[in-house]
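Have a look at the structure below, then the notes.
Every chain is numbered from 1 and lettered A, B, ... according to where its sequence line falls, protein lines coming before strand lines. Note: hydrogens, waters and symmetry copies are ignored here, and every other heavy atom, side chains too, is used. Not measured: the values here are computed from a predicted model.
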Amino acid sequence: MAYKLNPQQQLAVKNISDPLLVLAGAGSGKTSVIAHKITYLVKSCGFEPSQVAAVTFTNKSAKEMRARAIQMLGKTAGEKLRVSTFHTLGLNIIREEAQALGMRKNFSIFDDQDCMALLKELTERELQSDKKAIYQLQEVLGAWKNKLFTPEQAIAQADGQNELYAAKVYKRYVRHLKACNAVDFDDLILLPALLFKNNTEVRHRWQGKIRYLLVDEYQDTNGAQYELVKQLVGPEAKFTVVGDDDQSIYSWRGANPENLELLKKDFPTLEVVKLEQNYRCSKRVLKAANSLIDNNPHVFKKRLWSDLSYGEPIRVVETGNEEKESRMVVSDISARKLTENANYSDFAILYRGNFQARIFEKTLMEFKIPYRISGGQSFFARAEIRDIMAYLRLLVNPTDDAAFIRIANVPRREIGAMSLERLGNYARERHISMLEASQEMGLGSHLKGKGLSAVQRFANMIRNTASDCQGDAIADVLKTFIKALSYDSWLIESSSTPAAAEYRWKNVQELLSWIEGMLKETNIEQESDKLGAVVTRLVLRDRQEKDKDDAEGNEVQLLTLHAAKGLEFPHVYLVGMEEELMPHKSAIEEDNIDEERRLCYVGITRAKATLTLTFAKERKRFGSQISCKASRFLDELPMDDLDWPSKQGPVSEDERRDRGRAHLAKLKEMLNR
DNA sequence: ACGTTGCGCCTTTTT
DNA sequence: GGCGCAACGT
């Protein structure tokens, strides 16, 4: 990255009087611009570090941003900056304003899986756990939340039976969360946004606290996030948002790229700065990317250019099937590693769906090439981790019924579905949580004998441990607790093989050692509810990943296109460039090719030096062989810059030699310049 | 209350 | 082809 800012970058940094939109193309140095701007605000414009907030989407980029700022501002000032994800910002607001929101501070955060489970429970009678219907329901609720609709508003505007039903579920859903003293991920944004909207005093206070706001990846904001931004900046409109409409690939998750245009409407004095110089890709890669994305409609015109060399032709390779595709790619990597003296970590294989990774894994293994695969099931989605997290949540928040239900009978303690249901009924009648209900005398009317005593024993254990966690030796308390649970025996019992049990136990140990480490961190030590703070950060996936960083070695990277956003590699292989895969079948059906094209654009612009696109004529999918057509996106690339041998039928030896010579001549010409 | 079989599904997944 | 879930059987 350039140390000196180019003129556009300087414009983006120095303009602090107008609301500012920075359209930052791929590889145009936007992180650098944000870091410089933060520094400029503090060093030259008299802002207190604590008055400057920078918001990102991932913990990783928040961490990176803070590190950059600390580098430039020094540790003392840098650490006072408010650099966080949207969700953490929301969380902090909710914590501080818990009273105004009618919440207790030890609330739980339900993740997507918890919410799904809750919706399933709430709709049991009508939908009979029809997975698709529940998923759709979740989407509808999410859309309402994005529009800041309360259940009442949703009911009022509901059109038709289904919507009315969904709105009623929404109402029960909100009520249930409240009863558990819990929020979901959307609430972390929604609740502060609504609070600011409805409470002038609180809004003004926060507008005073945060005097300048920077937003990264702005194209990925949803309606609620934009509302939060609007409320936070107020009429002074001291903000800079940085985004790229061409890299909007999360609309299926509620991101609303139209927020870029909305900005112009809501802030008429908006200034727009375009960062069009790319510092990453060769001219040729950029030309291909531009040519592809030209097929999309644009509100803001933008043309990326590069000062780097023209680069090698972009290879397009057709193979017979996915097996051959993987062998072609892997042997190419292995050859190129030798000829260019490259590291394995210089190579990335990018694909549309996780299932495509499997065959590459197999082939890489055969070739004895080390690789790293990202994606698939996340650590926190694992059953054993969710179990332990549920225990922790219940220790922090005794009203977290979702956690209670999950672990009441894990490990087995003879609290079956029947007992849970009776306990639940009683709790509902008395308007108390299940853990509380477990310890009431009156429960005897609903639950008798063995069931009753099992439930009571469980509740007592949780209560006792929770009070032990008030002290200082939390890590020790937890270790003893897990041991007393015999969770390790339970894993052996419930796993199919001993090896699986061992692996899962190792995961539990890893989680515990993270917690131990986090408890020692200074910012946690200051908290009154240390365990609560740790659990919250874990649910938001906000943890220090030192181990992982250290382990990052010399390995070929296997990534989905979504996961590749923000990264760069000298050599990129974009595989499975076929109709129905890239663009994906469902996108074709839903007529949403533009987003697929952006996805492809993101993939192409990851490449610094060489780019190889591959597709297979046949591919095994869902067990049977299907024939494939080359992706339409390949035809949108500049033919002159492609090395696509099979395009015009078989090429004669002569022609191939001529092409090689032409290529060499071009290279020489470039060298002479 | 637990294990087994069989059916249906199958994109991406920042927090 | 493989996984998760649900229905069924013991």
Side-chain angles (χ1 to χ4, degrees), chain A residues 55-64 84-91 109-116 120 128-132 134-135 138-139 142 183-190 216-222 224-225 247-255 322 350-359 374-378 380-381 383 409 412-419 450-451 493-494 496 536-543 559-567 576 580-590 592 595-596 598-600 602-603 619-625:
Chain A
V55 189
T56 63
F57 275 85
T58 65
N59 292 307
K60 199 175 152 202
S61 44
K63 207 172 126 192
E64 193 182 318
S84 72
T85 64
F86 260 108
H87 294 266
T88 301
L89 173 66
L91 172 80
I109 300 168
F110 281 17
D111 68 19
D112 289 344
Q113 279 192 51
D114 296 318
C115 296
M116 275 296 237
K120 193 176 155 188
Q128 283 162 10
S129 43
D130 173 348
K131 239 177 112 182
K132 213 164 202 169
I134 295 169
Y135 182 74
Q138 200 197 23
E139 281 188 327
V183 298
D184 62 21
F185 281 140
D186 292 336
D187 288 337
L188 290 174
I189 314 295
L190 179 85
D216 191 17
E217 303 280 13
Y218 179 73
Q219 77 283 351
D220 289 341
T221 53
N222 64 30
Q225 284 157 342
Q247 291 188 71
S248 159
I249 54 174
Y250 281 106
S251 70
W252 53 274
R253 264 207 127 196
E322 78 277 6
L350 308 182
Y351 39 80
R352 178 68 237 259
N354 279 120
F355 72 94
Q356 287 169 267
R358 190 168 257 146
I359 180 86
S374 98
Q377 204 194 17
S378 97
F380 285 93
N409 204 30
R412 275 270 118 82
R413 43 177 84 84
E414 289 172 308
I415 301 175
M418 217 46 207
S419 302
K450 255 172 96 177
E493 196 184 312
S494 60
S496 48
T536 304
R537 279 186 45 188
L538 283 172
V539 176
L540 291 180
R541 315 286 141 92
D542 175 16
R543 68 207 140 83
L559 300 161
T560 65
L561 285 160
H562 284 91
K565 192 169 117 181
L567 306 174
E580 308 220 315
L581 229 191
M582 178 79 248
H584 195 270
K585 191 175 176 194
S586 51
I588 298 172
E589 279 160 8
E590 286 161 34
N592 189 18
E595 181 142 323
E596 298 289 297
R598 289 193 289 268
L599 203 48
C600 187
V602 166
R619 183 180 293 275
K620 222 189 218 171
R621 272 193 94 182
F622 312 141
S624 53
Q625 205 80 6

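For B:dT12, the base is anti relative to its sugar; the glycosidic angle deviates from 0 by more than 90°.
Across the protein-nucleic acid pair, A:Lys565 atom NZ and B:dT13 atom P stand 12 Å apart, rounded to whole Å. A:Arg253 places its CZ atom 9 Å from the P atom of B:dT13, with the value rounded to the nearest Å. Across the protein-nucleic acid pair, A:Glu139 atom CD and B:dT12 atom P stand 15 Å apart, rounded to whole Å. We find that CZ of A:Arg358 is positioned 10 Å from C1' of C:dC3, with the value rounded to whole Å. Taking atom NE2 of A:His562 as the reference point, atom C1' of B:dT14 lies 11 Å away to the nearest angstrom. The interatomic distance linking A:Leu89 (CG) with B:dT14 (C1') rounds to 16 Å, in whole Å. The CD-C1' distance, from A:Glu589 to B:dT12, rounds to 16 Å in whole Å. To the nearest angstrom, P of B:dT12 lies 16 Å from CG of A:Asn592.
Scored by the side chain to side chain contact (heavy atoms under 4.5 Å, CB included) test, A:Lys450 finds A:Glu414 as partners (sequence neighbours excluded). When the side chain to side chain contact (heavy atoms under 4.5 Å, CB included) test is applied to A:Arg358, no partner is found at least two apart in sequence or on another chain. Residues forming a salt bridge (Lys or Arg N to Asp or Glu O under 4.0 Å) with A:Glu64 (at least two apart in sequence, or on another chain): none. Qualifying side chain to side chain contact (heavy atoms under 4.5 Å, CB included) partners for A:Gln113, counting only residues two or more places apart in sequence or in other chains: A:Asp111, A:Ala381, A:Arg386. Applying the side chain to side chain contact (heavy atoms under 4.5 Å, CB included) rule to A:Ala564 yields the partners A:Leu350, A:Leu559, A:Arg606; only residues at least two apart in sequence or on another chain are considered.
Within the 4.5 Å cutoff, no side-chain heavy atoms of A:Ile109 are placed close to those of A:His87.
Between B:dT13 and A:Thr560, a contact under 4.0 Å exists linking OP1 or OP2 to a side-chain N or O. At least one side-chain nitrogen or oxygen of A:Asn59 sits closer than 4.0 Å to the OP1 or OP2 atom of B:dT15.
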Could I get a table of every N or O pair under 3.5 Å where one atom is in the protein and the other is in nucleotides 9-11 of chain B?
{"from": "B:dT11", "atom 1": "O4'", "to": "A:His584", "atom 2": "NE2", "distance (Å)": "3.2"}
{"from": "B:dT11", "atom 1": "O4", "to": "A:Ser586", "atom 2": "OG", "distance (Å)": "3.2"}

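Here A:Arg412 lies in heavy-atom contact (under 4.0 Å) with sugar-phosphate atoms only. Using a 4.0 Å heavy-atom cutoff across all strands shown, A:Asp112 reaches at least one base atom of the nucleic acid. At a threshold of 4.0 angstrom between heavy atoms, the contacts of A:Asp111 with the nucleic acid are absent.
Side-chain atoms of A:Phe185 lie closest to B:dT15 of the nucleotides B:dT15, B:dT14, B:dT12.
Classified by interplanar angle (parallel below 30°, tilted 30° to 60°, perpendicular above 60°), the ring pair A:Trp252/A:His562 is perpendicular.
Mapping A:Met418 and A:Leu540 onto DNA chain B by nearest heavy atom places A:Met418 closer to the 5' end of the strand. Annotation: of the two residues near DNA chain B, A:Tyr250 and A:Ser419, the 5′-most nearest-nucleotide partner is A:Ser419.
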